[in-house]
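Right, one structure below, let's go through it.
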Amino acid sequence: MKIQHMAIFAAFFPSLGFSQENLADVKRGLDQIRTAIDSKQSLSENPLAAFDLASFTSRGYLFYYRGLAQRLIAEKENGEKKLASLESALVDLKHALHSMPSADFLKEALFATYKDVIETAFALKRYFTVLNAIDKLPEQDLSTPRWVFYYAQSLFETHQTTAFLRLVKQYPSLFRNEGSILQHLPQPPSWQRLIIIALEDERISIPRPKETPSSLPFDQESMLDKTRAAMDYLKKHPFFSVAEKTFNVALSLYDSLSTKVSLSSQEHRFAGEFEKAMPTFAPQWVEILIDKLWKRQKLKEAEQLSLAFLKRYNGHPSVPKVLFNLGRIQEDASDYREAIKSFRKFLDLSDEQPLRELAQFRIAWTSYLAKHGQAAERFASYLREYPGGRYASTCEYFNLQLARKEKAEGEVRSLAQTFTEKHPLNFYTLMVLDEWGISEDVLLTRLSHRPFYQETAYQQFRANIKTLSKLRIYKELRAFDLQEDAWKLLMTFPFDEGNETFMLYLTAEFNGLQFDHGQALSMARLLGSFPHLRAKLTWQGLFPAYRLDLIRNVLTEQSSALSAFMVLAIIRQESAFNPDARSPAQAYGLMQLIEPTARRTAGSLGLNDFDLLKAKDNLALGIKTFSDLLEIFDHRLDYALSAYNAGEAVTRHWIKLRGHLSPIEFVESIPYQETRNYIKNVLRNYAIYQLLYEKRPTPLVAFEYKGKELGAN
């Protein structure tokens with residue numbers, strides 16, 4: 001089989017998504033690949049091709065044979081093309097090994113390919129690629145002089161002193177003896193000294209750069225001189241980091257200048273020279289600078305510095321991450337076509353999950369925003385690869401929107417109905433119900449309206465279970481108001497889907513009848529993890545009217561037009577109705593307030609003394625904080641919820657970049673997954689509260705606050 005035919009076949013199933021109809025063709029093609037492989041002496045001498053196609057049962061074998069096809073292609077190529085083919089083979093062979101981890105022939109194929117990558121990359125002076133590949137070799141291979149030499153030379157070329165010293169100490173005989181690999185390494189005096197230090201275990205005497213005198217520690221002129229001296233020092237002594245402190249001070253100064261509205265001529269000069277030198281800094285520093293420029297909304301500068309990094313540090317381990325972030329930067333700048341290119345390059349280089357999944361989604365999403373003709377196919381491509389993925393319902397919903405333009409109304413309505421049945425608690429289901437005028441009964445009938453604790457069988461079980469000794473202790477703990485200890489003891493009970501009634505009993509203990517709504521939600525989530533028990537849940541159990549009278553009293557005291565059910569929607573998402581909730585970010589109570597925000601709001605309420613773990617105080621401060629945000633952001637609920645979760649400043653930044661998008665597009669484009677999900681979940685909560693407890697006066701999902709239209713209190 002000619003090599004060009006091999007290349008055509010390798011492209012025959014790029015996504016390995018074949019159907020039963022063409023399975024026979026795929027098998028015939030694999031037979032041809034095996035024949036071609038068997039005819040190659042360089043491959044037939046090892047177990048790479050010793051495989052029986054009759055046992056073909058999984059996608060893993062397709063990856064295996066495509067990887068071998070890429071290796072054959074690489075044998076006929078040179079330079080960067082050869083390396084690219086070998087790296088493609090690596091990706092396929094790693095996928096194959098993941099499917100069949102015990103297959104020794106796959107491990108041998110993978111390590112043989114790594115060695116070819118090392119040889120090729122070393123010849124091309126792609127030293128970071130060499131280091132990455134050598135790190136994947138088995139321990140026994142790393143003691144071979146050939147690979148140690150490649151490793152040492154690559155460390156030398158990339159200025160990685162610490163790793164070089166560790167290598168010398170690990171294999172001293174390879175550096176000490178006559179004819180050692182030391183003779184083949186370039187040996188400037190500094191490196192000779194390093195090897196002697198490593199072999200003799202001497203202390204390193206580090207030369208230090210000369211300090212530039214300065215009477216003012218943060219004087220820009222003096223700092224610019226210090227930074228120049230530090231950069232010059234690092235060029236001469238790239239393996240020592242003494243100048244890093246000076247660099248970090250200069251970086252802090254530049255960072256503070258970048259936030260100023262106007263700069264003096266001296267400050268302009270410092271910032272200009274610092275920016276000009278950025279691409280020459282060490283890679284880890286360039287990464288820090290890209291991130292800072294991105295956060296400062298300097299999108300053009302961040303993009304240019306990212307491109308400089310990719311060009312200067314080709315093969316560096318951070319290249320995939322920089323590529324991915326470059327796509328996000330270009331997306332922020334509304335340069336969707338370039339963003340798609342960057343995400344695609346990232347997918348070619350990285351097999352890291354879950355970033356690969358996110359990149360696939362962002363390709364589809366940016367295509368949608370760009371009104372690209374392939375947006376529907378890209379959503380569908382994501383769903384094929386990640387049918388139960390984190391963004392599956394989002395892709396289904398927006399594909400439904402695209403289908404409205406191309407398919408018959410009856411067909412799309414049927415798809416919309418299927419979507420609501422598949423995702424009953426999803427934010428986008430509520431959008432679909434509004435858009436298509438589908439009855440809310442589709443949603444409400446998914447869960448029971450008859451609480452399980454009213455059933456006769458459950459009542460009989462409850463009467464008989466009181467004899468359990470552990471349960472008696474649990475009751476005593478609760479009687480003494482040791483609720484946390486009672487909860488911990490309860491969690492030691494066996495949760496077994498076969499013991500259905502007992503699980504229901506434990507859930508009832510936290511169902512708001514006798515105990516805590518927040519822990520009731522935790523138990524409900526546990527119960528919902530068992531499909532045949534899920535129908536026992538009730539809407540009121542999942543969305544309780546927690547302390548509704550107290551919330552209404554606080555709203556009345558503040559003369560607030562905000563709906564009590566919007567407050568409940570926020571509380572459910574913030575603390576799950578736990579008044580003692582404390583977050584890692586030091587947010588407290590029902591509405592999860594931090595101390596600085598609470599103090600600022602307390603001043604406007606004239607509340608001199610407050611306790612965030614006291615329900616009334618927390619509600620008063622939380623309601624006032626959210627009401628103020630609604631006023632600040634012109635009654636846009638999505639903006640106010642974003643500010644409540646992520647902060648006012650970052651929300652203004654997002655509005656500046658994405659304020660031209662529709663509300664639903666704005667929410668879905670928010671870069672923080674936590675904030676994105678938070679907004680959708682609160683709006684979903686509020687819509688369901690409207691359905692359950694009041695006559696719904698507005699569309700299910702409202703993005704604007706218009707006083708009483710949000711519902712009666």
Side chain to side chain donor-acceptor pair (under 3.5 Å) against N645, all qualifying residues, sequence neighbours excluded: T675
Flag, side chain of T625 to backbone of L621, donor-acceptor distance under 3.5 Å: yes
In chain order, what residues pass the ring-ring contact (aromatic ring centres under 6.0 Å, His included) check against F427, with sequence neighbours excluded? none
Residue set satisfying salt bridge (charged side-chain N to carboxylate O under 4.0 Å, His left out) with E440, at least two apart, ordered chain then number -> R696
Could you walk me through whether R328 and E331 satisfy the salt bridge (charged side-chain N to carboxylate O under 4.0 Å, His left out) test, starting with their C-alpha distance in whole Å, then the side-chain angles of each, then the deciding distance to 0.1 Å, before giving a yes or no? CA-CA 5 Å; R328 298 304 302 269; E331 186 182 341; 3.6 Å; yes
Main-chain N/O of F666 paired to S669 side chain as donor or acceptor, under 3.5 Å: no
Output yes when a side-chain donor or acceptor of S604 lies under 3.5 Å from a complementary backbone atom of T601, and no otherwise. yes
Going by salt bridge (Lys or Arg N to Asp or Glu O under 4.0 Å), name the pairs with one or both residues in residues 641-654, residues two or more places apart or in two chains. E648-R652
What pair of heavy atoms forms the shortest contact from L590 to S575, and how long is it? O-OG, 2.7 Å
Taking only residues two or more places apart in sequence or in another chain, which ones pass ring-ring contact (aromatic ring centres under 6.0 Å, His included) with Y588? none
May I ask you to decide if A643's main-chain N or O and T651's side chain share a donor-acceptor pair within less than 3.5 Å? yes
What residues form a salt bridge (charged side-chain N to carboxylate O under 4.0 Å, His left out) with R600, not counting sequence neighbours? none
For P424 and E421 the tightest heavy-atom approach is CD-O, 3.8 Å
Looking only at side-chain N and O atoms, does E595 offer a donor or acceptor that is under 3.5 Å from a partner on Q586? no
Just so I know, are the side chains of Y397 and T394 near enough to count as touching, which here means a heavy-atom distance under 4.5 Å? no
Checking side-chain contact (heavy atoms from CB on, under 4.5 Å) for the pair F565/N685: CA distance, chi angles, key distance, verdict? CA-CA 9 Å; F565 295 109; N685 295 347; over 6 Å; no
Enumerate the residue pairs fulfilling side-chain hydrogen bond (donor to acceptor under 3.5 Å, both in side chains) with a member in residues 605-621, sequence neighbours excluded, ordered by first and then second residue. E557-K616
Distance in Å, R378 CZ paired with Q360 CD, rounded so as to fall on 0.5 Å steps: 10.5 Å
Scan Y336, Y391, F398 and name whichever one has a ring pair (Phe, Tyr, Trp, His ring centres under 6.0 Å) with Y368. F398
Taking the side chain as everything from C-beta on, heavy atoms only, tell me whether H653 gets closer than 4.5 Å to K295. no
Can you give me the closest heavy-atom contact between L637 and A702, atom names plus distance? CD1-O, 3.3 Å
Name the orientation class of the two ring planes belonging to F543 and Y689 (parallel below 30°, tilted from 30 to 60°, perpendicular beyond 60°). perpendicular
Test your reading of the model: is there a side-chain donor-acceptor pair from Q297 to the backbone of W294, 3.5 Å cut-off? no
May I ask you to decide if the ring planes of W365 and F361 are parallel, tilted or perpendicular, using 30° and 60° as cut-offs? parallel
In Å and rounded to the nearest 0.5 Å, what is the CD1 to CD1 distance from I623 to I571? 7.0 Å
Taking salt bridge (charged side-chain N to carboxylate O under 4.0 Å, His left out) as the definition, give me every residue that meets it alongside R658, ordered by chain and number, with sequence neighbours left out. D332
Worked check of side-chain contact (heavy atoms from CB on, under 4.5 Å) between R413 and I438: CA-CA 9 Å; R413 177 173 286 275; I438 299 173; 4.1 Å; yes
Rounded to the nearest 0.5 Å, what's the gap from OG on S642 to CD1 on I655? Could you check? 7.0 Å
Ignoring hydrogens and angles, state whether a donor on the side chain of E574 or Y678 is under 3.5 Å from an acceptor on the partner side chain. yes
Are the side chains of K300 and L293 in touch, meaning some heavy atoms are under 4.5 Å apart? no
Does the side-chain contact (heavy atoms from CB on, under 4.5 Å) test come out yes or no for I290 and I329, once each step is laid out? CA-CA 10 Å; I290 292 170; I329 292 166; 4.1 Å; yes
Looking at OG of S414 and CZ of F419, how far apart are the two atoms once the value is rounded to the nearest 0.5 Å? 14.0 Å
Show the nearest heavy-atom pair for residues L562 and S627, with the distance to one decimal. CD2-OG, 4.2 Å
Testing the basics here: between I551 and Y546, what is the closest heavy-atom pair and its distance to 0.1 Å? CD1-O, 3.6 Å
Taking ring-ring contact (aromatic ring centres under 6.0 Å, His included) as the test, write out the residues that go with Y386, two or more places apart. Y382
Nearest-0.5 Å distance that lies between atom CD in Q592 and atom OG1 in T597: 12.0 Å
Kindly write out the residues that satisfy salt bridge (charged side-chain N to carboxylate O under 4.0 Å, His left out) with D638, not counting sequence neighbours, or none if the list is empty. R636
Any donor-acceptor pair under 3.5 Å from N399 side chain to F379 backbone: no
Check: I688 and L425 side chains under 4.5 Å, non-hydrogen atoms: yes
Side-chain donor or acceptor of S367 paired with backbone N/O of I363 under 3.5 Å: yes
Residues passing the side chain to side chain donor-acceptor pair (under 3.5 Å) test with K298, sequence neighbours excluded, are none
Can you pull out every salt bridge (Lys or Arg N to Asp or Glu O under 4.0 Å) where at least one residue sits in residues 659-684? Sequence neighbours excluded, please. E668-R676, E668-K680
Between L430 and T420, is there a side-chain heavy-atom distance shorter than 4.5 Å? no
Has R404 got its NZ or CZ under 6.0 Å from the middle of the six-membered ring of W436, at an angle within 45 degrees of the ring axis? yes
Can you check side-chain contact (heavy atoms from CB on, under 4.5 Å) on L613 and R582, steps first, answer last? CA-CA 9 Å; L613 296 180; R582 304 170 191 234; 3.0 Å; yes
Please tell me whether Q673 and R390 have a donor and an acceptor in their side chains that are separated by less than 3.5 angstrom. yes
Counting C-beta onward and ignoring hydrogens, is there a side-chain heavy-atom pair between I632 and Y639 closer than 4.5 Å? no
For the CG atom of L612 and the CG atom of L619, what is their distance to the nearest 0.5 Å? 11.0 Å
I want to check something: taking the side chain as every heavy atom from C-beta on, are F324 and L358 in contact at a cut-off of under 4.5 Å? yes
Y428 side chain reached by I664 side chain, heavy atoms, under 4.5 Å: yes
Examine the side chains of K624 and Q558 and answer whether a donor and an acceptor come within less than 3.5 Å of each other. no
Which atom names give the shortest non-hydrogen contact between A564 and L548, and what distance separates them? CB-CD1, 3.8 Å
